[in-house]
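Just so we're on the same page: letters track the sequence lines, and every chain starts at 1. What's counted below: heavy atoms across the whole structure, side chains too, no hydrogens, waters or symmetry copies.
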There are 2 protein chains.
Amino acid sequence: MNDVGCHSPLVRKFQALGPWTDSELLALGSFGSRRRRLGAHQAIFHERDASDEAYLVQSGWTCVYKLLPDGGRQVISFPLPGDIVGISGLFLDGAQFSFESLTPVELSPISTATLLNGAMASSNVARAVRWSVARDSAILVEHLVNVGRRSALMRTAHFILELAHRLRLIGAERAGEFACPVNQYWMADALGLTAIHLNRVLRELREAHLVTLRAGHVSIHDYEGLKDLAVFDGDYLSPPKRVGWP
Amino acid sequence: MNDVGCHSPLVRKFQALGPWTDSELLALGSFGSRRRRLGAHQAIFHERDASDEAYLVQSGWTCVYKLLPDGGRQVISFPLPGDIVGISGLFLDGAQFSFESLTPVELSPISTATLLNGAMASSNVARAVRWSVARDSAILVEHLVNVGRRSALMRTAHFILELAHRLRLIGAERAGEFACPVNQYWMADALGLTAIHLNRVLRELREAHLVTLRAGHVSIHDYEGLKDLAVFDGDYLSPPKRVGWP
DNA sequence: CGGTTCGTTGATCGTGCTCAAGGCTAGTGG
DNA sequence: CCACTAGCCTTGAGCACGATCAACGAACCG
């Protein structure tokens, strides 16, 4: 059963939280038992949909956002493989946001029962879920700081570094290079900028030899420089190092 | 034991999630067994502090924020009586933000063990905690939308309406009137504005006969008008109406 | 009284938005 | 092979929302 981990981004993400026994891996695996494939730019759920299921992203890029009546859009997050979307919706009256695929994706719906049973069955699974939820919250907080108080340049740099770190954790980043199939419109809507201004910011970052984003691919040329610019500290993204954690 | 609820803002907040048995109220009450009083503007914990405890606010206004190296400050939330702060910090390497009192406050530290035991002991308590965490996340998402995509005027109106709704749930708002001991500097740092600009926005709202904020007191003169301006829908703040919820 | 905190206003500046266009590439159908 | 389209990226010119800098007023409190 250990080979569950070889292909599951969830297990990969949770590995550092281990050690995992085979039966626990089996419990984790139950989160991925059902699978759904979807093409690019397909809605998965909409704001206010009553939701009895969360979704584990198995592969592909996705996007969580809210629309405003004036046509504006705020991207909340870009869930990546190993991320679970919509847990909070299970405990509220419905989803607070819309969720869709940006690329072709593979999703595993997780029912409330599956989630709670998994957590009941194994305290390690419960820990992992709690960590995952807490981490998502930390990412959201950092996103708020980004949009509320950082300049467009710092904000963009910070966002790219966060993506790089998250992708590294699931093995989708190497030596400052990674695929990023998010166009400038979506990215601008995440950063609270217009696509036009973001384009200029990206040019600035490129001309400063810090990072290049082209054709859906990101190359970080000067990691330290970028980190200094953004005042980035990625500790909030990594599994906790504390011993005996709850 | 039922009089626990009479004075506990936590029980008041969770009432609509009921029905609660006496023993469950007792379990909830255990979250408030310890008490700490603090004066105004006292630090409760700082960013990066290792934290083994969350805090239930029993009375007074508090503030969660992050500082930036350039001296900037982003307020994440203003936890009110009945709100629990720092749960996510229990499951990460440390707190992701600073937490302090704005007024004299009464706090109940909640250890990780107390929190988890309370949830294990009663599924209603577990439900309530899950709802509370999910609601905090929904508030955070709305805050991000506010700062990222709404104009200063809409943003401010939305913020005031959210406060009014939250205060109503704990019985601290009546007929559009409530105390709000948050000065314009703190409020501006929540809204991603400067205090100077916020001051002008508040004047605009006052001159439009929508809402007045003066001397720590808010008077909403035209609730519908304010709601239309902000395109506010407070459903995310109320206890879920779904039956048989998890 | 003087000090401190908070609110208010004016003048000016600049980051990032708006509107408008054009270019590049891939895909499609003639 | 060449139009033609559709996304997406890029650039320019001008404007506006909100920031910055600089005071001053009001309330409170020692």
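Along DNA chain D, the nucleotide nearest to A:R149 and the one nearest to A:Y185 differ in position, and the one closer to the 5' end is contacted by A:Y185.
Side-chain contact of A:S108 with A:Q58: a donor-acceptor pair under 3.5 Å is present, judged by distance alone.
Here the P atom of nucleotide D:dA6 and the CG atom of A:N183 are 17 Å apart, to the nearest Å.
Look at B:Q184 and you won't find any side-chain N or O under 4.0 angstrom from OP1 or OP2 of C:dT5.
The side chain of A:H197 sits closest to C:dC17 out of D:dC8, D:dT11, C:dC17. Comparing C:dC17, C:dT9, D:dT10 by their closest approach to the side chain of B:I196 singles out C:dT9. The side chain of A:N199 lies closest to D:dT10 when the candidates are D:dT10, C:dG16, D:dG18.
Using five terminal pairs a side, the axes of the helix from C:dC1-D:dG30 to C:dG30-D:dC1 at its two ends make an angle of 30°, given in steps of 10 degrees.
When heavy atoms are screened at a 4.0 angstrom cut-off, A:G192 is found touching the sugar-phosphate backbone but no base atom. Contact annotation for B:R214: no contact, since no heavy-atom pair falls under 4.0 Å across all strands.
One cannot find a donor-acceptor pair under 3.5 Å joining the base of C:dG16 and the side-chain atoms of A:R155. A donor-acceptor contact under 3.5 Å links the side chain of B:R200 to the base of C:dG10.
Each of B:F99, B:W186, B:F97 was compared with B:Y65 under the ring pair (Phe, Tyr, Trp, His ring centres under 6.0 Å) criterion, and only B:W186 meets it.
Side chain of B:S101 to main chain of B:H41: a donor-acceptor pair is present (N/O by atom type, distance under 3.5 Å, no hydrogens or angles).
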